[in-house]
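What follows is a single structure, written as structure tokens, with notes after it.
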Amino acid sequence: MSNLSVEMLAAAPAGPITSAGHAQLGIAVLVGIAVIVLLITRLKLHAFLSLTIGSLVLGAAAGAPMDKAIASFTTGLGSTVSGVGVLIALGAILGKLLADSGGADQIVDTILAKAGPRSMPWAMVLIAGVIGLPLFFEVGIVLLIPVVLLVAKRGNHSLMRIGIPALAGLSVMHGLVPPHPGPLAAIDAIGANLGVTLALGVLIAVPTAVVAGPLFSRVAARWVDIAPPEKLIPQRPSAELERRPSFGITVATVMLPVVLMLAKALVDIVVDDPKNHVQRVTDVIGSPLIALLAAVLVGLFTLGRAAGFGRDRLAGTVEKSLAPIAGILLIVGAGGGFKQTLIDVGVGRMILDFSKDWSVSALLLAWLIAVGIRLATGSATVATISAAGLVAPLAEGMSTTHTALLVLAVGAGSLFFSHVNDAGFWMVKEYFGMDVGQTIKTWSLMETVISVVSLVLVLLLSLVL
């Protein structure tokens with residue numbers, strides 16, 4: 001979620017939309033989503049074109065001037081590609097280096113030797129949870145996808161049995177555990193204690209990841225039985241490759257961006273002084289762009305050189321890594337454009353206006369509001385920020401633990417049922433080689449399981465704390 005999107009949402013008109021406006025926006029959302037789904041499923045139109053057309057239809061149905069709808073779409077596309085596109089490209093380069101050098105084979109062979117078929121989904125959710133603690137969801141995906149695809153391929157595992165646990169571990173951390181931006185924003189808006197929220201977030205995240213990961217993956221594997229997409233599977237090095245990097249140096253290279261970003265997060269929490277020199281340095285080296293760029297540059301030596309690659313071979317590896325992700329970049333960007341169109345026509349404000357008269361408990365209200373905004377805009381960050389701002393007055397008089405649970409209820413709602421207006425939906429779809437229906441049966445339902453299970457745990461904790 002870009003800063004521009006957050007600022008535009010915050011700058012939305014403060015006054016409520018008329019009932020006629022509400023009805024028109026509701027119809028516009030349904031029409032826009034229906035057009036996208038029909039174009040992709042019935043007419044087999046490319047998702048990039050379908051999202052583009054659907055965004056324009058949404059703007060027209062909402063009564064927005066066409067030039068404004070076009071501007072919203074292009075702004076969202078540009079901000080999404082600028083924020084996520086470079087990370088996808090750097091992740092693809094790192095993944096190709098891992099594959100061509102034999103480093104990925106070394107990781108996969110070691111994991112397969114240590115973990116049996118039954119324990120593999122548990123190993124994947126553990127790895128994803130640890131890596132996902134300091135990482136943005138998109139960064140975690142691009143780092144884990146090569147390992148997921150290779151483990152599924154080499155170990156002859158169902159892609160869903162391996163992929164769903166990895167996705168669940170990443171998603172749970174993204175929505176519930178600081179220092180991710182959504183939970184941090186909610187903590188600030190509601191005035192919760194960071195340490196208590198972090199502790200309760202981890203307490204809820206662990207069982208939630210287990211249910212939505214290894215356990216739900218059994219169901220998902222029965223519903224969707226697909227092979228890893230060949231075009232994205234890093235291939236085993238050729239037989240003439242004389243050597244490959246060691247397991248230790250390969251893991252260290254992959255973990256480098258994780259360590260850098262984790263260092264930034266810890267310094268930001270402990271120091272919390274923008275003028276502090278240490279924090280200024282870690283803010284730079286721990287940014288996702290610099291951290292992944294550093295991993296790629298280091299990988300050229302620790303992976304490429306370790307495998308005996310010369311300059312020409314390294315240049316070819318980098319060049320070949322970028323071609324397969326062109327379609328992914330366009331689709332993810334168009335998903336961001338559709339999301340921005342939803343925000344700019346006032347859908348987020350409509351959901352907030354509807355919620356004012358709801359009479360339910362504070363924790364359930366926070367979850368419902370976040371769910372509504374998540375469904376409408378596709379952005380977990382927008383849902384978290386908007387819902388937290390709305391329910392913040394309810395935190396007055398609450399205990400420290402209940403205030404933290406209010407934050408976690410918002411985070412749980414922000415993960416509910418990712419669908420066609422979420423860029424993450426399209427990333428998962430393309431990386432796993434699924435169609436829209438298969439993505440809904442697996443990824444979308446997994447997100448819903450995370451949201452509902454974490455809400456139940458929040459409510460149960462509220463009874464005993």
Side-chain angles (χ1 to χ4, degrees), residues 1-12 14 136-137 171-202 204-205 208 265 268-269 339 342-343 346-358 360-418 422 447 450-452 454-455 457-459 461-462:
M1 175 61 194
S2 67
N3 291 331
L4 177 62
S5 299
V6 175
E7 291 167 0
M8 294 181 74
L9 180 65
F136 291 108
F137 179 78
S171 186
V172 166
M173 292 297 168
H174 171 70
L176 298 178
V177 181
H180 286 280
L184 283 180
I187 289 170
D188 181 66
I190 294 174
N193 181 280
L194 176 60
V196 174
T197 306
L198 176 60
L200 293 178
V202 172
I204 291 173
T208 299
D268 286 346
I269 292 173
K339 176 193 68 180
L342 284 166
I343 294 172
V347 174
R349 174 62 60 184
M350 177 189 71
I351 299 297
L352 292 176
D353 289 340
F354 270 135
S355 67
K356 289 179 180 178
D357 297 326
W358 293 349
V360 294
S361 71
L363 297 178
L364 183 57
L365 175 63
W367 183 80
L368 289 171
I369 293 173
V371 165
I373 300 173
R374 160 70 156 179
L375 290 174
T377 66
S379 170
T381 304
V382 170
T384 301
I385 293 172
S386 302
L390 186 65
V391 303
L394 300 177
E396 185 176 354
M398 279 187 174
S399 65
T400 302
T401 53
H402 276 240
T403 305
L405 291 175
L406 188 64
V407 171
L408 297 174
V410 169
S414 73
L415 298 175
F416 191 86
F417 196 76
S418 163
D422 179 16
E447 288 282 86
I450 291 175
S451 181
V452 173
S454 53
L455 170 67
L457 293 175
V458 164
L459 295 176
L461 285 177
S462 72

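The two residues Trp367 and Ser451 come nearest to each other via the heavy atoms NE1-OG, 3.0 Å. Smallest separation of non-hydrogen atoms from Ser454 and Ala412: OG-CB, 3.1 Å. Contact record, Thr197 with Ala192: OG1-CB, 3.7 Å, taken as the closest heavy-atom pair. Across Ala370 and Ser414, no two heavy atoms sit closer than the pair CB-N, 3.7 Å. When every heavy atom of Pro183 is checked against every heavy atom of Gly175, the shortest pair comes out as CG-O, 3.6 Å. Closest approach of Phe417 and Leu375 over heavy atoms only: O-CD2, 3.8 Å.
If you take OG1 on Thr401 and CG on Leu406, they are separated by 11.5 Å, rounding to the nearest 0.5 Å. Taking CG of Leu364 as the start and CD1 of Ile369 as the end, the distance is 10.0 Å to the nearest 0.5 Å. Considering CG of Leu457 and CG of Leu200, their distance stands at 11.5 Å, rounded to 0.5 Å. Considering CG of Leu176 and CG of Leu415, their distance stands at 6.0 Å, rounded to 0.5 Å. Annotation: the span from Ile190 atom CD1 to Thr403 atom OG1 amounts to 8.0 Å, rounded to 0.5 Å. The OG atom of Ser462 lies 11.5 Å from the CG atom of Leu408; values are rounded to the nearest 0.5 Å.
Side-chain atoms of Ser418 and Arg374, non-hydrogen and from C-beta on, do get closer than 4.5 Å to each other.
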